[in-house]
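Just below is one structure, and these are the notes that go with it.
In what follows, residues are counted from 1 in the order of the sequence shown. All values below come from the heavy atoms of this structure, side chains included, with hydrogens, waters and symmetry mates left out. In each ligand, atom 1 is the first atom listed, and ligand 1 is the first ligand listed. If you're wondering where the values come from, they're calculated on a predicted model, not measured in any experiment.
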Amino acid sequence: MRIRGRRTAFCPGAEPQRLLDLQLAVTSSLTDAGTPAGAGARMLEQIWRGLELDHGILWWVDRDAQALVRADTRPAAGRSAPRPDLAEAAWRTGAVSWSPEGGVAVPVAAAGRVLGVLECRHASLREPDRVLGELLQAFGRQLGDVVARLESQRAALSTEARRRAVLEAAPDPVISVDGEGRISEFNPAAGVAFGLARDDALGRPVTDLVPERLRERHLDGFRRCLDGAEPGILGRRFESVALRADGSEFPVELTVTRSDPLGSPAFTGYLRDLSGDRRADRAMRDLAAIVESSQDAILSTTLDGVILTWNRGAESLYGYTSQEAVGRSVAMLAASGQVEEMSRTIERVRAGESETQVDVLRRRKDGSTVDVELTVSPVVGGDGGIVGASVIARDMTLQRRAQEQIAYLAFHDQLTGLPNRSLFYQHLELAIARADRGRLGVAVLFVDLDNFKLINDSFGHLAGDALLQDFATRLRAVTRATDTVARQGGDEFLVLVPDLELSSGPGIEPNALEVVQSIEAKVRSVLETPFDVAGTPIHVGLSVGVSIYPIDARDRDQLLRNADTAMYVGKGLADDASPGLEQAGSRGRLALIGRLRGAVEHDQFELRYQPIVELASGNMVGAEALLRWRDPVRGLVAPGEFIPLAERSGMIKPITHWVIEHACRQAREWSDHALDLVVTFNLPPSLWGPEIIETLIAATHRAGVEPHRMMIEITESTAMVQPGRARQTLDALREHGVRLAIDDFGTGYSSLGRLHQLPVSTLKIDRSFVHALPHDAGAAAIVDTIIQLSHSLGVQPLAEGIESEQQLRFLIEHGCDLGQGFLLGRPMVADRIEALAY
Ligand code: C2E
Ligand code: MG
Ligand code: MG
């Protein structure tokens with residue numbers, strides 16, 4: 001069959017070239033179609049012409065009405081509308097449909113969905129023709145694809161338009177970036193923030209908006225986002241720094257999302273400019289976070305005391321959750337009898353006043369009370385008026401405990417837990433005052449263990465300490481609760497017996513004497529059971545000296561002196577045969593005093609020097625002069641063996657002068673050899689006074705050494721006991737720049753409060769504490785406290801008696817500045833110090 005004219009019979013099968021031409025014409029007609037209707041019209045035109053149809057009709061499916069709507073016909077002003085039967089058949093079946101009246105219809109479909117129908121009418125199309133059917137079906141699919149693409153583009157376009165509108169209006173910068181990292185979207189807010197016009201921004205690498213130093217990191221993150229390997233960035237909010245066109249930087253908060261429109265990767269960053277006002281926002285948020293995480297309880301209330309805010313600190317301090325507390329009255333926190341005080345505080349706040357750091361008691365939810373330090377301030381509203389109160393409460397429990405510990409440390413002996421001399425003196429003074437008022441007596445017993453040094457030397461200090469503790473416990477057990485048992489130091493104890501009934505009449509008062517004798521007997525009775533010293537039962541002797549006020553003494557000091565002497569005499573009488581110097585009997589002691597006198601005359605003393613080391617650096621910064629007696633009979637004798645006797649016999653003065661003279665000369669020698677060492681020496685309590693400073697200053701002049709190279713060591717009690725005399729002494733010290741150290745700190749009479757009045761430069765922590773380090777938790781706590789205390793007083797702590805690496809490490813870790821001990825250097829002759837220093 002041939003096509004002979006428009007009205008001739010139609011036989012596509014015989015005209016393959018025409019079909020091919022038709023196919024090309026249809027395809028090219030679709031390429032630049034802008035709308036589905038346009039595409040449909042063009043295709044219909046091509047087919048109508050190409051196949052020389054009588055009629056070509058395009059139907060669209062109206063999805064809402066579920067009906068076919070005629071969209072286009074050829075010729076344009078065609079006959080009366082054809083019936084849709086044929087087209088409907090193709091729509092319903094989704095397949096090509098032939099009409100015996102001369103027509104064929106194919107679905108216009110995309111992705112399996114029928115969008116419309118293409119209907120061709122011609123008288124010759126009565127029989128199904130496979131080739132023509134397939135061609136028309138292909139046209140149907142082709143048109144379907146185009147329509148589907150155009151529709152989705154249109155949908156995308158309208159989404160895009162909406163998106164653009166939002167972006168234009170957005171108050172914050174929004175920047176999109178394509179897969180190459182080039183800016184593809186840049187809204188007006190971004191323009192303002194970066195100082196860059198949209199047209200200048202589009203197409204630029206986004207790294208232009210990032211400070212140079214951060215670009216590498218930015219690119220790295222970008223690449224990982226592209227690979228899909230960066231879940232940490234996408235969708236998260238983080239902070240960064242951005243670069244303005246003028247080169248200035250500003251902080252931003254950034255959220256990046258990934259969207260891949262049309263299949264290619266794209267990222268959009270939503271930024272918040274944190275500079276300027278926004279920093280205030282940020283500051284507010286930070287402040288809120290700080291308040292929330294504070295350990296202190298922080299709350300706000302109305303002027304009627306109704307709780308408005310309640311942080312986590314408040315939850316843990318008071319036990320109420322925020323839900324429980326907010327809306328209730330602060331009165332629920334008042335401990336009994338404090339509601340008044342609370343309302344007074346609120347009154348004050350109303351008047352615009354604050355209360356700072358007042359200590360009050362508060363009640364917790366569980367009914368227990370807690371010590372808090374309170375700061376209450378008015379909250380000022382926007383109009384300048386006072387609208388409420390802010391309350392900060394700090395739990396003072398721990399601080400209280402620390403204060404109590406320090407107070408305890410000041411008034412108690414650490415080893416035995418007994419009151420120390422300081423507390424004893426206070427009790428004694430009270431007892432004497434009471435005695436004066438009530439015609440009563442006060443007895444002081446001086447108790448001293450015999451041969452204690454021997455036990456220490458033979459069994460070690462730990463065993464000695466245990467014995468002292470045991471003895472203290474026994475003493476407490478045999479005395480009354482109203483008596484005071486104190487440790488004077490070393491192996492010396494004091495017992496105060498107040499409120500003794502004195503019978504009238506002259507002479508020794510029988511009542512008081514009886515009581516005292518019975519107490520003395522009880523004290524002695526504690527020795528009946530031997531002490532367990534390192535597993536060995538040991539019998540220990542003791543000496544007791546008694547003095548009664550107002551019978552033996554007229555004042556406190558005389559009372560104590562007499563008791564001491566009484567004991568000393570008692571001791572001398574009690575044992576005559578013991579071999580040691582201190583243990584020598586009265587006869588031996590007399591002989592010893594004679595030999596000591598000879599020692600002064602014949603210059604039998606020598607000084608050893610023990611290095612003082614700056615612990616952090618290991619540098620030697622000083623040396624302590626320690627006295628030795630080269631006794632022709634016994635060889636080199638340690639100071640502990642003769643100093644006490646020298647003190648009692650008055651010989652201590654020339655000995656001390658000798659020490660000062662030689663220590664100054666040594667200091668001069670070292671300074672000549674360019675050794676920067678402070679030389680420290682021990683001063684006995686009895687010589688503490690302005691006179692000794694003069695002696696020292698004179699000695700430094702003679703030796704030609706600056707006074708600040710010399711340091712005097714005195715014990716705590718020396719420093720504290722005679723404040724009147726001390727003042728003058730201290731002024732003299734200050735004037736000349738002589739340094740002062742408190743020796744054996746922690747063992748005796750310490751009034752920590754008064755320490756800071758002295759020009760003390762060093763606090764020497766007694767070696768009994770250092771000895772127990774680091775395993776003894778009590779000693780560790782005490783050493784730590786003393787170190788902290790020293791620092792708070794602006795004084796250098798020095799640990800005495802460092803013998804082990806562990807002790808050294810502990811001290812360094814706890815910030816102890818200076819140290820002395822066998823580990824760092826034993827006492828040695830001056831030349832060896834010099835050798836060591838080089
Ligand atoms: P101190 O002033 O506390 O001197 C430190 C004592 O501890 C010295 O004993 C020293 O040898 C000793 N020592 C140092 N490091 C360690 C160590 O790691 N472990 C142990 N267990 N001991 C260590 P020394 O020389 O026997 O002096 C004893 C006390 O005699 C001195 O105690 C001081 O109070 C007194 N003393 C020494 N020289 C004089 C002096 O010239 N005049 C006066 N009045 N007293 C002196
Ligand atoms: Mg010393
Ligand atoms: Mg010492």
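Proximity of Arg826 to ligand 1, defined as any heavy-atom pair under 4.0 Å, is not found for any part of the residue. In Ile655, neither the side chain nor the backbone holds a heavy atom less than 4.0 Å from any atom of ligand 1. Only the backbone of Ile802 comes within 4.0 Å of ligand 1, judged by heavy-atom distances. Here His771 has no heavy atoms under 4.0 Å from ligand 1, in either its backbone or its side chain. Of the heavy atoms in Arg628, only side-chain atoms (C-beta onward) come closer than 4.0 Å to ligand 1. Heavy atoms of Leu627 found under 4.0 angstrom from ligand 1 belong to the backbone as well as the side chain. In Lys764, neither the side chain nor the backbone holds a heavy atom less than 4.0 Å from any atom of ligand 1. Residue-level proximity to ligand 1 for Gln820 is absent, since no heavy atom of it falls below 4.0 angstrom. When non-hydrogen atoms are compared, ligand 1 lies under 4.0 Å from the backbone of Leu626 as well as from its side chain.
Close contacts between ligand 1 and Glu803 involve ligand atoms 17 (C), 18 (O), 19 (N), 20 (C), 21 (N) [criterion: under 4.0 Å to a heavy atom]. With ligand atoms numbered from 1 in the order given, ligand 1 contributes 15 (N), 18 (O) to contacts under 4.0 Å with heavy atoms of Gly821. The Val659 neighbourhood of ligand 1 comprises atoms 41 (O), with distances under 4.0 Å to a heavy atom of that residue. Each of the following atoms of ligand 1 lies closer than 4.0 Å to a heavy atom of Glu713: 2 (O).
Taking the six-membered ring where tryptophan is involved, the planes of Phe605 and Phe642 are tilted, since the angle between them lies from 30° to 60°.
Side-chain contact check for Val621 versus Asp676: every heavy-atom pair is 4.5 Å or farther apart. Side-chain atoms of Pro639 and Leu626, non-hydrogen and from C-beta on, never get closer than 4.5 Å to each other. Taking the side chain as every heavy atom from C-beta outward, Leu596 and Trp629 approach each other to under 4.5 Å. For the pair Cys664/His701, no side-chain contact is recorded, criterion being any heavy-atom separation below 4.5 Å from C-beta on. A 4.5 Å side-chain heavy-atom check between His736 and Thr700 finds every atom pair outside the cut-off. Using a 4.5 Å heavy-atom cutoff, the side chains of Leu627 and Leu607 are in contact.
Residue contact annotation: Asp743 places an N/O/S atom under 2.8 Å from the Mg ion (ligand 2). Here Asn682 meets the criterion, with an N, O or S atom under 2.8 Å of the Mg ion (ligand 2). With 2.8 Å as the limit, Glu800 does not count as an N, O or S neighbour of the Mg ion (ligand 2).
Between the choices Leu683, Ile714, Asn682, the shortest heavy-atom distance to atom 42 (N) of ligand 1 belongs to Asn682. Comparing Pro639, Gly640, Gly819 against atom 35 (C) of ligand 1, the shortest heavy-atom distance belongs to Pro639. Ranked by closest heavy atom to atom 6 (C) of ligand 1, the top entry among Arg767, Gln610, Glu800 is Arg767. Nearest residue to atom 2 (O) of ligand 1 from Ile660, Leu823, Asp743 is Asp743 (criterion: closest heavy atom). Closest heavy-atom approach to atom 3 (O) of ligand 1 among the candidates Leu824, Val770, Asp744: Asp744.
With respect to Leu687, the side-chain contact (heavy atoms from CB on, under 4.5 Å) criterion is satisfied by exactly one of Thr656, Ile655, Ile714: Thr656. For the side-chain contact (heavy atoms from CB on, under 4.5 Å) with Lys764, the qualifying choice from Ile742, Asp743, Leu818 is Asp743, the only one to do so.
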Kindly determine whether Met620 and Leu677 satisfy side-chain contact (heavy atoms from CB on, under 4.5 Å), including the steps that lead there.
CA-CA 7 Å; Met620 197 196 318; Leu677 298 178; 4.1 Å; yes
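Sorted by first then second residue, the salt bridge (charged side-chain N to carboxylate O under 4.0 Å, His left out) pairs that include residues 681-708, not counting sequence neighbours, are Lys653-Glu691, Glu661-Arg702, Glu706-Arg709. Residue pairs meeting the salt bridge (charged side-chain N to carboxylate O under 4.0 Å, His left out) criterion with at least one partner in residues 607-618, sequence neighbours excluded, are Glu606-Arg608.
The cationic atom of Arg474 (NZ for Lys, CZ for Arg) lies less than 6.0 Å from the six-membered ring centre of Phe531 and within 45° of the ring axis. Remark: Arg421 fails to qualify as a cation-pi partner of Phe424 under the 6.0 Å distance and 45° angle criteria applied to the six-membered ring.
At least one N or O atom of Phe822 sits closer than 3.5 Å to an N or O atom of ligand 1. Annotation: Ile652 places no N or O atom under 3.5 Å from an N or O atom of ligand 1; distance criterion only. Between Thr656 and ligand 1, a contact under 3.5 Å exists for no N or O pair.
Checked for salt-bridge contact, Arg524 and Glu520 meet the test: a charged N lies under 4.0 Å from a carboxylate O.
Minimum-distance N/O/S atom of Glu624 relative to the Mg ion (ligand 2): OE2. The minimum distance between the Mg ion (ligand 2) and any N, O or S atom of Glu713 involves atom OE1.
Arg487 places a side-chain N or O within donor-acceptor distance of the main-chain N or O of Gly490, the cut-off being under 3.5 Å.
Heavy-atom separations between Arg608 and ligand 1 are all 4.0 Å or longer.
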